Amino acid sequence: MSIAVLSQFKEDLDGYTERQLRYQAAADVWSIGQMYDHIIVVAEEYADEIERCLASTEEQPLGKTEFGERLFQAGGFPPIKIRLPDEMNQPPNNTDKRETLERRIDELSARLNRLEPLARAANRDVKARHGGFGWLNAQEWYDLIEMHTRHHLRQQADLERYLIEAEL
């Protein structure tokens, strides 16, 4: 469930100083704050797709791409770093304070709590297209939020190691 993973990320926020949230070990390495921003922004985008599915009655016979099928069969992303094409890979916001990130997570969690029963009950044949995974229904979009958020637990561990190395 997405809310449980988000709750863990929210709890972890208490362990970071503002300096740690913004620290970047290298120019091409996100800060912990940027990772949080990315998780929230992507989850909000996917929640928009859930709402798009819920608002429609048009059924879509097409399904997932081959990668999308593998992703959902595995129940998550492979344990690798994924880099999007440059045009889709703008650096996330690195200015939010801890309190702002906590508020954004709370708002997202409330939205997902509201959407979860609706997504579970939605027509499975009403779908919205994901650029990489194909046509997903409301439940699959909801599940994708959890898979994507969980995928970033590995990144969080890497970023925390950088903090230790930098003695922050």
Side-chain angles (χ1 to χ4, degrees), residues 1-14 30 32-93 96 98 100-160:
M1 165 184 254
S2 341
I3 307 303
V5 179
L6 282 173
S7 294
Q8 181 60 54
F9 274 107
K10 183 183 174 193
E11 281 180 37
D12 293 345
L13 266 173
D14 288 336
W30 287 353
I32 289 175
Q34 285 176 301
M35 179 196 68
Y36 272 82
D37 179 71
H38 169 76
I39 289 167
I40 295 165
V41 167
V42 169
E44 290 287 359
E45 289 173 2
Y46 291 176
D48 291 346
E49 297 301 331
I50 294 169
E51 290 182 344
R52 184 184 324 276
C53 290
L54 295 173
S56 177
T57 57
E58 184 180 338
E59 295 188 358
Q60 171 56 254
L62 297 175
K64 296 179 207 61
T65 62
E66 184 180 330
F67 184 73
E69 285 292 348
R70 286 199 315 265
L71 176 79
F72 278 85
Q73 285 172 358
F77 288 84
I80 58 170
K81 290 184 180 181
I82 299 172
R83 179 161 173 85
L84 295 172
D86 286 342
E87 64 272 8
M88 297 174 64
N89 202 29
Q90 296 304 309
N93 177 14
D96 279 356
R98 179 188 311 111
T100 303
L101 291 170
E102 287 174 348
R103 178 185 48 75
R104 290 175 65 201
I105 290 172
D106 286 343
E107 290 168 357
L108 174 60
S109 296
R111 184 179 185 195
L112 294 177
N113 274 328
R114 180 180 59 77
L115 287 175
E116 182 182 20
L118 302 173
R120 292 206 189 292
N123 181 341
R124 302 258 189 235
D125 294 322
V126 174
K127 303 171 188 173
R129 187 175 174 275
H130 182 284
F133 307 137
W135 292 91
L136 307 178
N137 62 41
Q139 179 62 55
E140 291 165 332
W141 281 105
Y142 188 91
D143 293 342
L144 188 59
I145 294 170
E146 191 275 336
M147 288 188 273
H148 176 260
T149 304
R150 185 169 24 98
H151 173 71
H152 284 282
L153 289 169
R154 286 185 291 273
Q155 180 185 22
Q156 180 185 25
D158 289 343
L159 296 176
E160 287 176 349

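Just so we're clear, the structure is a prediction, and the values are computed from it rather than from any experiment. Just so you know, residue 1 is the first one in the sequence shown, and it goes up from there.
- Remark: Asp12 engages no residue in a salt bridge (charged side-chain N to carboxylate O under 4.0 Å, His left out) (not counting sequence neighbours).
- Every residue two or more places apart in sequence or in another chain that forms a salt bridge (charged side-chain N to carboxylate O under 4.0 Å, His left out) with Glu107 is listed here: Arg103.
- Every residue meeting the ring-ring contact (aromatic ring centres under 6.0 Å, His included) condition with Phe9, not counting sequence neighbours, appears here in chain and number order: Tyr36.
- Applying the ring pair (Phe, Tyr, Trp, His ring centres under 6.0 Å) rule to pairs touching residues 49-73 yields Phe67-Phe133, sequence neighbours excluded.
- Atom CD1 of Ile40 and atom CG of Asp96 lie 7.5 Å apart (nearest 0.5 Å).
- Applying the side chain to side chain contact (heavy atoms under 4.5 Å, CB included) rule to Ala43 yields the partners Leu108, Ile145; only residues at least two apart in sequence or on another chain are considered.
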May I have the list of side-chain donor-acceptor pairs in residues 57-64 shorter than 3.5 Å, sequence neighbours left out?
residue : atom : partner : partner atom : Å
Glu59   : OE2  : Asn123  : ND2          : 2.9
Gln60   : OE1  : Leu62   : N            : 2.9
Lys64   : NZ   : Glu140  : OE2          : 2.7

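- Arg129 meets the salt bridge (charged side-chain N to carboxylate O under 4.0 Å, His left out) test with no other residue; sequence neighbours excluded.
- Looking at residues two or more places apart in sequence or on another chain, you find a salt bridge (charged side-chain N to carboxylate O under 4.0 Å, His left out) between Arg52 and Glu49.
- If you take CZ on Arg154 and CG on Leu159, they are separated by 13.0 Å, rounding to the nearest 0.5 Å.
- Taking CG from Asn137 and CG from Leu54, the interatomic distance works out to 10.0 Å, rounded to the nearest 0.5 Å.
- Judged as a side-chain hydrogen bond (donor to acceptor under 3.5 Å, both in side chains), and not counting sequence neighbours, the contacts of Arg70 are Glu66.
- Note that the CG atom of Asp125 and the NZ atom of Lys127 stand 6.0 Å from one another [nearest 0.5 Å].
- A 4.5 Å side-chain heavy-atom check between Ile39 and Val5 finds every atom pair outside the cut-off.
- Side-chain contact between His130 and Thr65: absent, with no pair of heavy atoms (C-beta onward) separated by less than 4.5 Å.
- Residue Leu118 holds its CG atom at 9.5 Å from CD1 of Ile50, rounded to the nearest 0.5 Å.
- Residues Leu153 and Arg150 meet the side-chain proximity criterion, which asks for heavy atoms closer than 4.5 Å.
- The side-chain hydrogen bond (donor to acceptor under 3.5 Å, both in side chains) search around Asp37 returns Arg104, not counting sequence neighbours.
- A pairwise comparison of heavy atoms in Ala128 and Cys53 identifies N-SG, 3.6 Å as the closest pair.
- Among residues two or more places apart in sequence or in another chain, the ring-ring contact (aromatic ring centres under 6.0 Å, His included) test is passed with His148 by His38, His152.
- For the pair Leu71 and Leu144, the minimum side-chain heavy-atom distance is below 4.5 Å.
- Here CD1 of Ile105 is found 6.5 Å from CG of Leu6. Values are rounded to the nearest 0.5 Å.
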